[in-house]
Amino acid sequence: MLILARKIDEKIKIGQDITVTLIEIHGDQVKIGVEAPKNVRVFRQEVFDAIQSENKAAAANPPQQSLDEISKLFKK
C-alpha cells in the first residue's frame, strides 16, 4: 500500500485518467473527490462488498423458470 500525505485541494493522479482530490477534513472525516472516466466504476468499499455479496448469492441461486417461460423468450 502506498501512503501519501496531502493537504486540502492537493491531488493524487492514478494513471492518466484518474485524479483523487482532498476536498475537506473535518474531525475524523475526510472528504475526497474522484475524477475518473465514465467507464470506471468507483464505489465506497462497503457498497462494493455488498454488490459482490449480492452477485455471489444470485449466481448460487439462479431464479427458477419453467421451460415454457424460457421457450417464450426465444420466440420473441
Show which side-chain atoms of residues 21-40 pair as donor or acceptor with protein atoms under 3.5 Å away, not counting sequence neighbours.
from  : atom 1 : to    : atom 2 : distance (Å)
Thr21 : OG1    : Lys11 : NZ     : 3.4

Members sharing Ile51's hydrophobic cluster (side chains within less than 4.5 Å): Phe43, Val47, Phe48

Output all residues satisfying side chain to side chain donor-acceptor pair (under 3.5 Å) with [X], sequence neighbours left out; order by chain, then residue number.
X     : answer
Asp17 : none
Gln16 : none
Lys7  : none
Arg44 : Glu46

With a 4.5 Å cut-off on side-chain heavy atoms, are Arg6 and Ile12 touching? yes

